[in-house]
Structures are given as structure tokens and as C-alpha cells.
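Everything below concerns the one structure shown next.
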Amino acid sequence: MADLPILLLNSFSYILVLILVAMGLVIIFGLMGVINMAHGEFFLLGAYTVVMTDSLGIGFWPGLILAPIIVGLVGLALEYFCIRFLYDRVLDTILATWGVSIAIKQLIIIFFGPAGLMVNPPLPQLVNMGLIEYPAYRLFIMLASLSVIGFTFFIFLKTDMGLAARAVIANRNMAASLGINTRQIYRNTFTFGSALAGLAGAIMAPLMSCDPQMGLGFFIPAFLAILVGGTGSLSGILAGGMVVGGSDSIISYLFSPVSSQIVVFTLAVIVIRIKPQGILGTKRNE
Amino acid sequence: MLNITNLHASYGGSRILQGVNLQVAQGQIMALMGRNGMGKTTLMRTIMGLLRPSSGHIIFDGKPIQGRQSYKISSDGIGYVPQGREIFGDFTVAENLRLGALKFDRKNRDIPEEIFDYFPILAQRQDQLAGSFSGGEQQMLAIARALVGRPKLLLLDEPSEGIQPSIVDEIGQILKKINSEAGLTILIVEQNVDMVLEIADNFSFMEKGIIVHNCPVQEIKADESIITGYISV
Amino acid sequence: MAFILETKDLTKQFGGLTAVDKTSLKLKEGGLRCILGPNGCGKTTLFNLISGCYKPTSGKIIFAGQDISGQPVHLINRAGIGRKFQIPSVFNSMTVEENLRVPSSSNWKPSLLRSKNSVPGNRQEILTLLNLLKLTEKTNELAGNLSHGEKQWLEIGMVMASKPRLMLLDEPTAGMTAAETNKTAQLIHQISIETGISVVVIEHDLNFVKKLASRVTVMYKGSIFREGNYEEIQEDKDVQSIYLGRKR
Amino acid sequence: MERKINVHKRLTSFFVLLAVSILVLIGSSALAGDKKSIKIGVVLPMSGGLELFGQQGIQGAQMAVAEINAAGGVLGGHKLELIVEDNKTDPKTAAEKTKKLILKDKVTAVLGPITSANRNAMLPFINKYKTPLLYATDYEGEACSRYLFCYSAIPDHYIKPFIPYLTKNYGNKFYLFGADYVWPHKMNEAIKKGITDAGGHTVAEEYTPFGVKDFAATIDKIVKSGAEVLVLTLPGADGQTLVKQMTEFGAKDKVKIAFMGFNDNYMSGLTGDQANGVITCNHFIQSLDRPEAKDFVGRQHKMFGKDAIVSFYADSHYGIVMLFKKAIEKAQSVDREKIIDAMPGLSVAAGNGQVTIHEDHHMTLNMLIAEVIDGKLQMKKYIGPTTASPQCAGKL
Amino acid sequence: MNKFAFISPNGRVNIIRIFVLIALGCFPLLQDAYLLSQLTVFLVYGLFAMSLSLIWGYGGILCFGHAVFFGIGAYIMALTTKGMIPGMTGIFTSTLFALLLSIAGTALFASILGYFLFSGRLSGPYFGIVTLAVAVVAERIATKWDYIGGFNGLTNIPAFSIGGYEVLDPLVLFYVILGICLILYLISDRIVNAPFGTILSAVRDNEDRVEFFGYNIANLKILIFSISAGIAGLAGALFAVAAEFVSPTILGFSLSTEVLIWVALGGREILLAAFLGAISVRTIEALLSDILGYYWILGLGVLFILCVMFFPRGLFGQLLSNKPRN
């Protein structure tokens, strides 16, 4: 049973990162019905921001701050030049954002080349936690993810901006009639969701190979987490992340990563089939 | 205060408003009456900017507002209480009220005290989920929420629908009070004749997308058959 | 067994709200019936129950002697109930003729490979229908390009093409001009008389109801409030007071 | 409405123009081509994920061709010419490009690709049109065809010298972890046998799908297993991710990482700390401290700039082009069949000493063991000529 | 006014159809063996694109994993003709039987998958994402499954043979595949113009309305899904013959999305437009991708975005539509 704490920590850190990645995706989808297929590439942009600041000698930490800002601006531009024309064509937003994902990935290849790039580990030491030693940076990631997730919940549940956004989700016309600029809310949300993806990419950059294909690795599990958790409420993603991330880590540990991927996929498809609204989603009608 | 001329609007190709002319004077309570499906709600939605008029003018407070976005119209000073109230059931009372004030600068977002004077029940139950309220309480909340936005003109769409008669009376009295104390102009769509006879100054009747008759309340009190002709079977 | 449709204590609740409350409605085969009532009285919910959109909370719907309550939408339609929606629901990207072909495909198993023009009888029916709807000239026009009134007629035609025994029409004249409303009244009258299809209409336009000269059912708070012919209803003081919001 | 129609008109005329220009292109390209040159088609990835390796392969081939041509070509003045095609790391594109090179450009031989899947997709055409395929990437072995020549380290090449070295220096308990596809499976099959032969034992053998980004659970398992050596057959980005996370967890102090296929390309993605201690077995590394290697790297840098990475891809692609040239000279003909018959037995001095191609169309290579020390991939032990067991008995 | 105003839309479309057929039929006159073999494969892609158009353009169902069916068809073809399916020998390894089996097997798989998804009323973006997941899983399984070649795939697939006669001549193979494409085009065109096609378009426009006419929407969708998959499977089988190999990449995410681009650019709502979309994108790609290098994919991505935003009917869609403008 000495395995348990580390297994839990490992699962927990994967779950938190998964939720962090999925969070941006789900608030955009929940609010606007837009599936942002370029989310993985926003993650990529975030990671490359850190790669750049690190190689320019500015270091990792400023990059971590810069990444969400830059990626947020990219998201803003995408919303302004593309997404807002497609709000009433939901399926087409999937296609358009997917085109964007192709373009961003290709731009990265053109500018940075196809090779994996490095980021100096910002916190290389291990922390002694009594029973076990655990990498400091991973603890930081958990803490950072937790606070970003908490911050997002705070924004949505406790601030005026979040109140307005929730009102727009619940009843767009009524919110507009109360003087809330729904367009603005959409734009802010898209920007915020993009910034979250950028932040997630920046946070993960020291831990994974930073190459142009890195976005996909989190994108698909994040999607499954959303589908499993349901899109109706923000807390759905917590449940979805827990189920997908947790089962993935545990099966990886007990069996192998190959079986865990197949099991998680199958599990997700079954959940989606039985509860199309997700485990925390509520069914429409009756 | 509100001057609508020759307003046309369609919904899904269906021509609902076919040339509406309507004037509401400052400080007045105007009742808009007519059968279902005649375009009253559509008119409200069009004034509020939720539906784009195909032609015609809406002048509010001396300024054309037709075709403006809803949130701007709200900021111009029109409050809206839609049919079915559309309060945010999953939000608390306080949040619902705060939503009405979000259009203001951060420092002006306080809920005016007099709101709770008009609707004392809301003061006690600020943290309760609005969805748990009864119909009448929800209606009060919806009106209060609109008032938080400090409108010059309040649009009310069937406030008495699905509400027990005693509360309808209460709401009517509160509206009258707000009208006389704060000078709020009100345009109310209503089927409950007793209530509007009590509070309205003027009546307009709508049929097939146009205003077919205008008259002051006295005229109706003198001859109720006017009303029956326009809204009953 | 003279009734084509009979609802027995039909009830539908949404959460705490009872939209339709123990409604017992009886319709004779081949008749025309208007349903009136103030907003929120449960008319459209009643239609949704009969056509299978909603499952009833309790009560029964008997159609042509069969209990159809709780059946899926498509089976209820196959049993012989056709419905027109309030907002015209035609197939915008298809031509008028194609729109009319949708319901007329035999046995709901549309032929995969047979040319649509190879069935002369079918074609003849569609031409007759187009003629009845006065849409012959628009045969090859996209339904999306029709005027609002024309869309409404087209949808009525589509429902007819599905050869129902009972047609439910939800506000067929909403958003129509006076002239279009008149034409619609004639059309419905004609359908009712010539085809023997039973027709139930939800309507607010009293001139229209008057023109149809049908029996009228007034609903209020989810139940049937009155039944009678147009004149009886018009003179009924209680009906007037519910419309004026005076009924307690 | 009017504007839309205009746009559409323009689009239509655009497409007409495009069609015309395509036809012109097709027509004109048919006329081009120098009669005296011997063409080698190159099918390597320049996009799609493995473009880095493709680029280095091309570097090697280009230098070989440049040197041959500068020395007067082959057979009294025939110049070699490379026609490079991008296979996008995708089998169906690789097959298409092979067809193009053989049918349209009428190349004498094809050089490439990187992955086995691409090679398999190309082989049908290679065989059908009887054109030699010069394959210069390490792979799992047992690919046999009269028309296929492999300048490749196959599992035997590594296992023979490397596993005994590992057991001797780092321990007996092995954990095998690889990507879930053919090469790692075949490698591990051979590695397990090598481990048993060397008296060690395999604690676990495990695979992971492509694209997994969090290996925490696996790393924990590896450490707990008590293994002394982790043999990685996890190429590319995922391998880098694993090494990064091993470092993060401090696991590298407990388990030695023997990373199969690790080469100079991996260094850019890892910091010195992360890469230090990773040990591998290969037939060429950029920092190889031997005269011919230094010379080779120098020539590469002269041609492609100081920053060019000179990995074994550059060396092997250079070497196989040189072998091909020798075969033409030996055959005294540009006839493909004669060239093929001339190939076996030829030797060439590439970046790492004399290497020889055998009857089974596979090579004797000079292997070496290298380790990352102080952030640089450095030679640890030179092993020298290593020959794999015969691959294609009766299959050619 | 439209410059084709002097002919009816139907006439215009027929002229283009005949023109395309003649152009393709006369193509071998160019006497270029390479281009011919390329076009042979492009025809297969065209057929594949057409199958996607059938379900996406006509049925309104966005399938993000259509390559699964293409791949399954290809694998069935390869396994059958190589005699790798246990118990199937002799006549059962013939090309024609394999073709039939590819169609039937793929359609069967699609109907099971379709039953699973459509009867759960999965639609819109959810359906797209689930099919995407199916494609990823399928590629995963094919990569892992050694018996069917694993990551490296299968090669040495026997040539197309009809009644013992092997089609080794690329020219004959081209005409055989062109013929099959033509037949499938005619069949598909018939389907979309038959009563079933009418209902299908109706489902795309307004699913509820169709249900209220007594149709079982789930069954209709399963049927078109299976037909579309069957055609994709046939295209895959032909690919296996024409390209002489199969590998996991042809049933995964990347080909699934490539075919979406072809169809979106060509015009999803018209079979021929989708077909031409595939052929022209592949042709331009073959010509330009080497010249433009990395910029080719960037350009394709941008073109795709613009097309989705401004030409939802695709570049050939309006030209080939015989319906009045909307």
C-alpha cells in the first residue's frame, strides 16, 4: 500500500492538467456552442511562448505569464475575424477552427522547425514529503492548476463578469435586454478560454517534448473528459476529468498505457451513448 | 417618450407587425391590449431590439432606437419584463437583481434601496434561488430586476399571467405607486382587464399587427364593450 | 365508435406546472373543430400530447379505437394523425414539389433507387394537391423562397399528402395578411368538406374561426372550459371573462 | 446578391486558368531532363512529423552526389542527379511519389524512406518496376526483396554488443518500454533473447500508444520494479517526454536509461541535465572522435553550415549512395539488374570506417556505444564491425 | 445574370457531367503512365469523397471518422485476396468476391455503429466528435494488431482479377476503376434523386418535420450511413488494389480529415462537386506541394477556413447545382 500515495498524486496531477486543458474548451463550448478544434494548437502556442522566452534568456516564469496573454490575443483575433460570423452555423465552426489548427501548426513548423525544443526545468528538485519524494515542479503544476481552476470557478461564480456570462448561457435574449453586451461576453469568453489553453501549454512545456504535434496528446482526452462530464455546467468538467484522467492513470499503472487508452476510449463512447448529455448533464425535455 | 411610426417586423418570414403607430407620453401608463397572436409580444421584442424591424421608426426619448442592439437599448433607459418573466431560476435573488445593474460602471452597481421598499419580500430572501419562488414572487423579482437598471420606460409583458389574483392586485398597486412616485413611464401588455383598468391611463388595441384603437381609460370605464370587442371571443 | 379521437383525463405536468389537466376531448370523424383559449391554456401542449411530442403524465389518447398514448411520434403519424407546426416547417432547400413528395412516399420506406417520376399515380396526386394549394406555378421554386403565407399552405399540403385521418393545425394563419387569412380559411374548409379528413385548428383570429363555421372548444387552465358553435361561445359571459382575466 | 455572382464568375475563371496552367506544366515537364544524368529519386519526409530525419538523409545524399559529380561522375562523365520528393511521413504519399519517380522521372534507383510502413507501401512498385530501393534507416529487420538494399542497423547490430555491455556495467534487471508498433516489438524480442544470453533477466516489457503525454504512472512502476536498466524503444517526441519526466522524478539516478535509436537529433529537445546519462548504441554520432568521422562532419558543415546536425541519417544516406555509385562502376552499366547484381560484397568508407554490404542486402556496420556526458553525446566504447545474422535466406 | 442563363440548370449540369466523363475517359491519350496511375488513385479518392458527400451534404450528418470505412474496406480487400481470412479459399479469395465483401462488411459495421449512435439520438457536434474518437481507436487497433500487419500494414496485394484474368495493365485498371466510379456515381445520383434522397434532404433541413410524417429517423440515418460507408468501403478496397498496400494511416484521423477538406472545398451538397473536389485538391497538391513546401499545408488550411466561411457550398457547388439559388 506504499504505492497508494504516489499513485494518487500521479493520478491527481494528470487529472488536474487534463481539467486545466479541458476548461478552456468547455467554457467556449458551453457558452457559445463552438467546438474549438484549434484548442490543441493554442496549447502548442502557449508551450512555444515559454520555449521562446526560455531560449531568449528571459526565462521560464515570465513566459508563463506571457503565454496566456499572447494566446488570449490570438483567440481574440480568431473570434473577431472568423468565429463571430459563424455563430449560427455550429458545425461550420468545427470545420473553421480545424482549418485554423492546421494553419497554426504549420506556422509553428515554418518558424520553429519540426524538431522538439527544450525548456529548462524551472524547479528541478524533488520535495521530500515524508513517505515519498515528489518532483517540486509537479507539485507546482498541481497547485497552479488548482488555483487556475479555482480562479475560473471564482470568475464564473463570484464576479460580475462571470454572472453576466452565466446569464448569457442561461438566457441570451434576457441578458441582452438587461443591458449585457452578449457579443462582448462571447468575445471575452473565447479570449479567456484560449488564454487558459495557452497557460496549460506553458505549464506543461518543461515536462513534455515541445514539438509541433504536442497539442493532440491532450486534446483528445480533454474532449473525452468534456463529453463524459457533460457541457451543461462548469462542474461537469471536474467529473469528466476525474473519470477520464483517473481511469487512465490507474489502468496505466495496473496494466499498460496501451490498454488504458483503449479502455478509456471505449468507456467514454459508452457513457456518451448512455448519457448523451454527460454524467452531470441534465437531459433536455421532460 | 416613446413614438413608434409605421413599424413593420417579421418573424421567420411571418409578418407580425404590419405598420404599428403608437405613442406613449412621459409619466403615463399605457395598456396595450389585443388577442393572442396579434403581435403585442412581437412589438415589445422589437422595441427591445430582440427583433429587427423591417421598416418604420421607434423614437425613444427623442432618439431613434430601431435596429440598435438590445444591450444599448437597455442602456438608453428601457427596462423589459418579458412574458413568462424569464428570471434566472438557477441564480440567487441577489444575483438576479445584480444582473440588472451590470450595464452600469462598477461603482454604480448598487441596488437602490427603494427597490426593497417596493418589494420587501426580496430583501429577506436575497440568497434564495429564484427558481424556488412562486410565480408572483418571480414576477416581482423580474420587475425589480428591471427597475435596478433605472429605466425611464418599463415594458411589461403580461405580468399577471399564471399568478393568483391577490398578488396580481398587489403588483398592480406597486406599479401604480412606482409610476406616481418615480414618474416611471410604463407600457404594459395585459389580458387582465381589472388590473389595467385600475392602473392604466391610456389604452391601445392591437389586431393583426396594427393598432386599431386608442383611447383614455375613462372611455373604457364608460363602455366596457370596447374591450370585449377587441379581446374576447 | 363514432369518435375519431378521444382523450380520457389527459394530464401533462412539467415540474410543478400542470399544463394540461384531465382533459377529455371527443372528436367526431370528418368534422372541423377550432380550439380557442387565452395564452397558456394548454392548447399547444394538447397538440404535443396527441402527436406524441410529449408523453402524457396520466390519461389516455384513443385514436380510431386504438390507444396511442405514449407511442413514438412516427408511429402516431402512421396511425393517421398529421400535424402542422405553428412556425412554418417546410424544407427550405428543396423545391415545392420535393416538399410534397416527402410525406407521400409509400409505407414510410422510401424507395432507394426508383426514380421519383416513375410513379404516375403519385405524380398526379401531387399535381392535384398543388392545384388545390394554388401553388402550381411555384412547383420548382425552392420552398425557402416562398412567402410566409405560401409556406403555411405548402405545409398544410404536406400534411394532406401524408393522407391523415386527422389533421392538427397549430395557428395556420399566424403572421398572415387579411387576404391570406381568407384564402387559408377557404382552403381548410375545402379540405374538410372534400376529403373528409377531420381537422382540429388552434386559432386566435376570430374572423377566421367565424369563417370556418365549425364547432368551437374553449380551453382554460389546461381543461376544456366550453364547447359550442361560434355564436354560442361568443355570447358566453364566462368565456368573455376568462379572456378578460376575470375568471377566478 | 449581385456581388456573390461576380465572385463566383471569377472563381470559375480562376479554375479554368488553373486547369490550363496545369496542362502546360505537365506538357513542359515532359520535355525537361538531361540525357546523360543518372537519376536517383529521393522519397523522404519533409513534413508530417519526421521531416528532421528526412532533412538529414537528404544532406547525406546531396553531399555524396556533389562529391561524385565533382570527381567527374561515373562511367566516364555520367553525372548523378537527385530528384527529391516529400512523402509527408505518410505511406500513401510515399507510394504515389515512388510511382512518380519511376514512371515520370524514370529514375535508376529510389532512396528512402524513413518508416517501415512507408517502405512497405513503396515496395510493390519497386518490385513491379524492378527499380532498386536504397533504404538507409535503422529498422526491425527481415525486409527482403531483390530490389531492396538496407544500409540499416537491425536489432542484431545493437543487441550483440550492447546488451552484454549493459549487463556488465549497469546491472542484470531490465525493464523494456517501447512504443506500440513493429520496431519496438521486434527490438524487444531480440533484446530479451540478448538479455537471457547475457545472464540477465527481463523484469517487464511494456508498450505505450503514440502521443501519451504523462508517464508518471509508468515511471513509478519502472522505479518500483527494481529494474537497473530501462531499455527504451520509444522514438521521437514521446521518448523525449519520458526522459524529461524521468529526470523530473529523479528516476534517472535509480535506473540507467538505454535509449535505442537515440541520436544527435534528440539533444535539442533536452537540457543537459535531462539528457545526461542516457546511453545508446549506434553506428554513427556527430561527435565521434575518429578521423574519418571528423572529416565527414567537417565536409557536411562546410556544405550545410556549422549548425547542421550530422546524425547517422546523414551518414547512412551518404554511404548508400556511395555504394550505389560503386555498383554502377563495377557493373560498368546503368542497367538496373546489372547494378543490383554488382551490389553484394561492395565496401565503402563512410563517416564511420569501412562498411560492407552482403548477399542478404544488409550491412556490416561499425557499431559504437555512446552516452550523454556533460550535455554532449559522446563515444563511450568503440565496438567496430558488427554483422547481423543473415536476414533473407532464400527470400531474394 | 448568370452566363449560363441560355441553358437550363439541368442542361448545364448535364453538359458538365458529360464533359467530366469525356475528360476522364480521354485522359490516357496523354500517354503518361505516371499521371495515369495517379489519376487512378485520385478516382478512388473521388469515390471516397462522394460517399462522404452522400452522408454529410445530403444527410446533414458530419462524420469526422469516415476513413474508418475506407480503411476497413481496404483491409477486407487485402486480407481476402491474400487468403488471410481463415476458411476462405478458392473463389472466396477472388477480387470480385473481395469487393462484395468489402462493401458488405463495411456497411454492416456502419449499421451496427449507426444503430448505436443514431438510436441514442446523437447528432451535430457530438456525433462528429464520437466518430473522430472511433477513427482514433480504429487506427490504434490496426497499429497494434499484428495479424493484419500492425503499424507496417500489408503489402503484396494481388492484382485486380476478373474471372481469372489479371488486370496488370494500368490502362485497363484505370478504365475498370473509372467504370466502377461511373456506376457508383449513377447509383448514388439515383439514390439522391429517388424518393429516399428526397426524404434524406428533408431530414437534413428539418428532422422533426420528417418524423411527424411517420418516418423513423434513426432507421433512415442508419440506412444512409451504411450506404455511404459501403461506398467508402468499396473505395478503400479499390485503393488497396490500386495502391497495392494498406496501412493503419488509411483508417485514421488524418485521412478522415483530409477527405473532409476535399469535400468541403469541392462542395458537400453535390456528389459530383465532392468527387471533383477530391480530384482537384489531390492534383493541385501533387503539383504544388513540393514547390510550396511547408506553405502548401498552410495555404490549404487558410483556403479551407475561407471556404467554410464564405463558400459553404464549395467551389463547384453552385456551378453543379440544378436547383435555383437560395
Side-chain angles (χ1 to χ4, degrees), chain D residues 1 4-5 7-9 11-12 14-15 18-19 21-23 25-27 30 46-48 51 84-86 88-97 99-106 115-125 127-128 139-140 143 179-183 185 207 209-211, chain E residues 1-3 23 30-38 41-42 45 136 139-140 143-144 146 149-157 159 168 170 239 242-250 254-255 258 276 280 282-290 293-294 296-297 310-311 315-319 325:
Chain D
M1 203 60 189
K4 256 196 186 159
I5 293 174
V7 171
H8 222 95
K9 260 189 184 172
L11 259 173
T12 316
F14 166 75
F15 271 94
L18 195 76
S21 51
I22 288 170
L23 283 176
L25 255 170
I26 293 167
M46 274 163 285
S47 58
E51 45 269 60
V84 180
E85 294 287 346
D86 176 13
K88 303 196 168 72
T89 325
D90 167 46
K92 63 184 186 335
T93 315
E96 274 172 25
K97 300 294 187 184
K99 265 197 235 174
K100 177 199 172 247
L101 290 167
I102 294 174
L103 294 174
K104 181 158 172 250
D105 300 319
K106 315 243 179 314
T115 70
S116 294
N118 283 5
R119 188 194 61 233
N120 278 5
M122 289 161 71
L123 267 179
F125 304 100
N127 291 334
K128 185 190 280 178
Y139 82 108
E140 62 273 6
D180 191 24
Y181 74 104
V182 182
W183 181 73
H185 280 276
Y207 297 94
F210 293 110
Chain E
M1 268 310 290
N2 198 305
K3 59 180 153 184
L30 279 178
Q31 295 275 350
D32 186 317
Y34 161 66
L35 290 179
L36 187 69
S37 76
Q38 282 294 83
V41 178
F42 291 175
Y45 292 145
V136 174
E139 187 172 353
R140 202 70 278 288
T143 306
K144 202 175 154 39
D146 285 338
F151 174 76
N152 287 2
L154 293 170
T155 167
N156 295 327
I157 293 157
L168 291 173
F239 176 86
E244 296 182 49
F245 81 96
V246 293
S247 81
T249 52
I250 62 167
S254 96
L255 185 62
E258 257 181 273
L276 291 178
S280 39
R282 288 309 317 244
T283 306
I284 299 170
E285 184 171 340
L287 288 169
L288 298 184
S289 69
D290 287 333
Y294 289 148
W296 158 252
I297 300 175
F310 302 113
F311 298 97
L315 300 176
F316 303 119
Q318 187 57 51
L319 197 66
R325 204 175 279 272

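In the text below, chain A, chain B and the rest are named by the order of the sequence lines, each starting its count at 1.
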Show the nearest heavy-atom pair for residues [X] and [Y], with the distance to one decimal.
X         : Y         : value
Glu96(D)  : Tyr34(E)  : O-CE1, 3.9 Å
Asp180(D) : Thr143(E) : O-CG2, 3.6 Å
Asn120(D) : Thr155(E) : O-OG1, 3.4 Å

side-chain contact (heavy atoms from CB on, under 4.5 Å) partners for Pro209(D), two or more places apart: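 Scan of Pro209(D) (side-chain contact (heavy atoms from CB on, under 4.5 Å), adjacent residues dropped) gives Pro257(A), Val258(A), Gln261(A), Val212(D), Arg140(E).
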
side-chain contact (heavy atoms from CB on, under 4.5 Å) against Glu244(E), all qualifying residues, sequence neighbours excluded: Pro124(D), Phe125(D), Lys128(D)

Using side-chain heavy atoms (C-beta onward) and a distance below 4.5 Å, is [X] in contact with [Y]?
X         : Y         : answer
Phe151(E) : His185(D) : no
Lys92(D)  : Glu258(E) : yes
Leu103(D) : Ser37(E)  : yes
Val41(E)  : Lys99(D)  : yes

Need one label for [X]: side chain, backbone, both or neither, based on atoms under 4.5 Å from any heavy atom in chain D.
X         : result
Leu154(E) : neither
Ala33(E)  : both
Ala242(E) : backbone

Straight-line distance of Asn152(E) CG to Glu140(D) CD, nearest 0.5 Å: 5.0 Å

Which atoms of Ala121(D) approach chain E - backbone, side chain, both or neither, heavy atom under 4.5 Å: both

